[in-house]
Each structure stands twice: as structure tokens, then as C-alpha cells.
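Can you keep this structure in mind? I'll have questions shortly.
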Amino acid sequence: MPYLLKTEPDKYSFDNLLRDGETVWDGIKNNQALISLRSMKKGEKLVIYHSNVGKAAVGTARVVSNTTDADDPKTPIVRIKAEKRLKREKTLAELRESPLFTDSLLFRQFRLSVVPLTDAQYDWLVHG
DNA sequence: GCCAACGTTGGC
DNA sequence: GCCAACGTTGGC
């Protein structure tokens with residue numbers, strides 16, 4: 001299942017990810033977000049969203065690996081790699097207007113930092 | 001910077 | 001186990 005990952009570009013932007021190539025997506029504390037992280041599988045698609053500054057989906061990434069810390073098995077260690085910048089960023093306002101996102105946790109639970117996406121939502125974000 | 005919406009914590 | 005207080009997220 002694809003996921004949308006929120007990040008504050010002031011702290012870690014999609015440009016940072018492009019520069020780094022890969023990174024470990026850590027610092028998630030919210031339990032529901034952690035559940036999503038744990039369920040991520042290698043090769044799954046991701047969309048990076050800039051919260052606060054920009055407020056738009058900006059690029060795609062992919063799950064490289066998902067392991068757990070031996071000392072702390074509750075904490076998933078999800079490594080992701082940058083893919084591409086979106087041809088056209090999708091702003092929050094556009095997402096809100098899209099019927100595809102009416103029921104999305106993105107709006108139902110707006111502080112959630114890892115949000116599952118349907119394939120249709122992913123396609124629309126990337127190609128729509 | 002403000003504040004709404006939640007989640008978490010801690011006193012009882 | 002309830003709920004007030006506090007902390008965090010993120011839109012505006």
C-alpha cells in the first residue's frame with residue numbers, strides 16, 4: 001500500500017532527501033503512524049508531503065528496507081530512497097478539493113504524519 | 001504567532 | 001478509570 005509521509009521542509013525537505021539519496025524515516029511517535037510504518041514493505045511507493053511550509057505533495061520515494069531495532073523491537077527502522085520530484089506539486093487545497101481525498105485520514109486526522117494512500121490517490125498525486 | 005484538534009500524562 | 005492539564009502538530 002502506498003503511503004504519504006509528512007515532513008516539515010525546514011527540518012527535512014524533499015530536497016534533502018534527493019541530496020541524501022536515502023534516509024531512515026525516524027522520529028515518529030504517534031502510535032497510529034507507527035502502525036503504518038511497521039506495515040511498510042520493501043518496494044512500496046511513498047509520496048513526500050511538505051507540511052507547514054509549502055503545504056504540498058512534492059515528490060515520490062520508495063521503501064528500501066524495513067527492519068526493527070533488536071534492542072527496541074517496537075520501533076520500525078524504515079529506510080527510504082528518493083525517487084522523483086512531482087512534475088506538478090499538489091497543494092493541500094487541491095487535495096481538499098479532490099473527491100478522492102474526502103474520506104482520507106489526511107483530513108479526518110490532520111496531524112497524522114504517516115497516512116495510507118489508495119492506489120487511486122497515489123496515481124492522482126503523481127500523474128493527475 | 002495563534003489556536004484548533006488531538007494525544008498523552010498524571011492526580012485523584 | 002476519569003478527566004483536567006499539558007504538549008504537539010500543522011493550518012491559517
Side-chain angles (χ1 to χ4, degrees):
Chain A
M1 176 183 284
Y3 293 90
L4 180 141
L5 299 179
K6 290 186 190 175
T7 183
E8 293 188 40
D10 287 348
K11 293 178 185 156
Y12 193 85
S13 68
F14 186 66
D15 282 332
N16 292 139
L17 181 60
L18 282 175
R19 180 200 62 205
D20 294 345
E22 291 187 10
T23 194
V24 172
W25 206 257
D26 54 10
I28 306 289
K29 289 181 213 140
N30 175 278
N31 199 50
Q32 200 170 345
L34 281 171
I35 289 169
S36 288
L37 270 190
R38 288 191 202 106
S39 71
M40 285 184 189
K41 297 190 183 64
K42 180 180 177 180
E44 280 186 322
K45 300 165 181 171
L46 305 166
V47 172
I48 307 297
Y49 171 86
H50 281 173
S51 64
N52 231 319
V53 179
K55 280 177 290 181
V58 291
T60 57
R62 210 165 272 266
V63 178
V64 175
S65 62
N66 189 356
T67 56
T68 49
D69 187 334
D71 297 328
D72 186 10
K74 295 224 154 177
T75 303
I77 303 174
V78 175
R79 178 167 284 275
I80 71 170
K81 75 165 184 256
E83 278 196 323
K84 293 190 290 193
R85 199 183 301 278
L86 293 184
K87 288 198 185 96
R88 208 172 65 71
E89 293 187 0
K90 296 290 188 310
T91 65
L92 184 66
E94 288 175 89
L95 299 197
R96 191 177 280 124
E97 281 168 16
S98 167
L100 286 173
F101 282 89
T102 306
D103 293 328
S104 173
L105 286 177
L106 193 59
F107 297 114
R108 300 246 309 269
Q109 210 176 324
F110 79 96
R111 291 176 312 148
L112 192 61
S113 58
V114 180
V115 181
L117 296 174
T118 65
D119 288 330
Q121 287 168 340
Y122 178 87
D123 279 351
W124 180 83
L125 287 169
V126 176
H127 303 116

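Quick note on labels: first sequence line is chain A, next is B, and so on, each numbered from 1. Atom set for the values below is all heavy atoms of this structure, side chains included, hydrogens, waters and symmetry mates excluded. All figures in this text were calculated on a predicted structure; none of them were measured in a lab.
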(message) Please report the distance, rounded to the nearest Å, between CD in Q32(A) and C1' in dG7(B).
(response) 11 Å
(message) Closer than 3.5 angstrom, by distance alone: can the side chain of T7(A) be matched with the main-chain N or O of Y12(A) as a donor-acceptor pair?
(response) yes
(request) State whether a side-chain donor-acceptor pair under 3.5 Å links T60(A) with Y122(A). (result) no
(request) Would you mind reading off the distance between D10(A) atom CG and dG11(C) atom P, rounded to a whole angstrom? (result) 13 Å
(message) Can you measure I28(A) atom CD1 to dG7(B) atom C1' for me and round it to whole angstrom units?
(response) 15 Å
(message) In this structure, how many angstroms lie between the C1' atom of dG7(B) and the CG atom of L112(A), rounded?
(response) 12 Å
(request) Choose from dG11(C), dC6(B), dG10(C) the nucleotide whose nearest atom is closest to any side-chain atom of R111(A). (result) dC6(B)
(message) Using the side-chain heavy atoms of F110(A), tell me which of these nucleotides is nearest: dC12(C), dG7(B), dA4(B).
(response) dA4(B)
(request) Would you indicate, yes or no, if dG11(C) has its OP1 or OP2 atom less than 4.0 angstrom from a side-chain nitrogen or oxygen of Y49(A)? (result) yes
(request) Give the rounded distance in Å between these two atoms: CG of N30(A) and C1' of dG10(C). (result) 13 Å
(request) Return the nearest nucleotide to the side chain of R96(A); candidates are dG7(B), dT9(C), dC12(C). (result) dC12(C)
(request) Measure from CG on L5(A) to C1' on dG10(C) and round the result to the nearest Å. (result) 16 Å
(message) Please check this pair: side chain of K90(A) against backbone of L95(A), looking for a donor-acceptor N/O pair closer than 3.5 Å.
(response) no
(message) Expressed as a whole number of angstroms, how long is the span from F107(A):CZ to dG10(C):P?
(response) 13 Å
(request) Indicate yes or no: does D119(A) engage K45(A) in a salt bridge with an N to O separation below 4.0 Å. (result) no
(request) Between K29(A) and N52(A), name the one whose nearest nucleotide on DNA chain B is closer to the 5' end. (result) N52(A)
(message) What is the distance, to the nearest angstrom, from the NZ atom on K55(A) to the C1' atom on dT9(C)?
(response) 13 Å
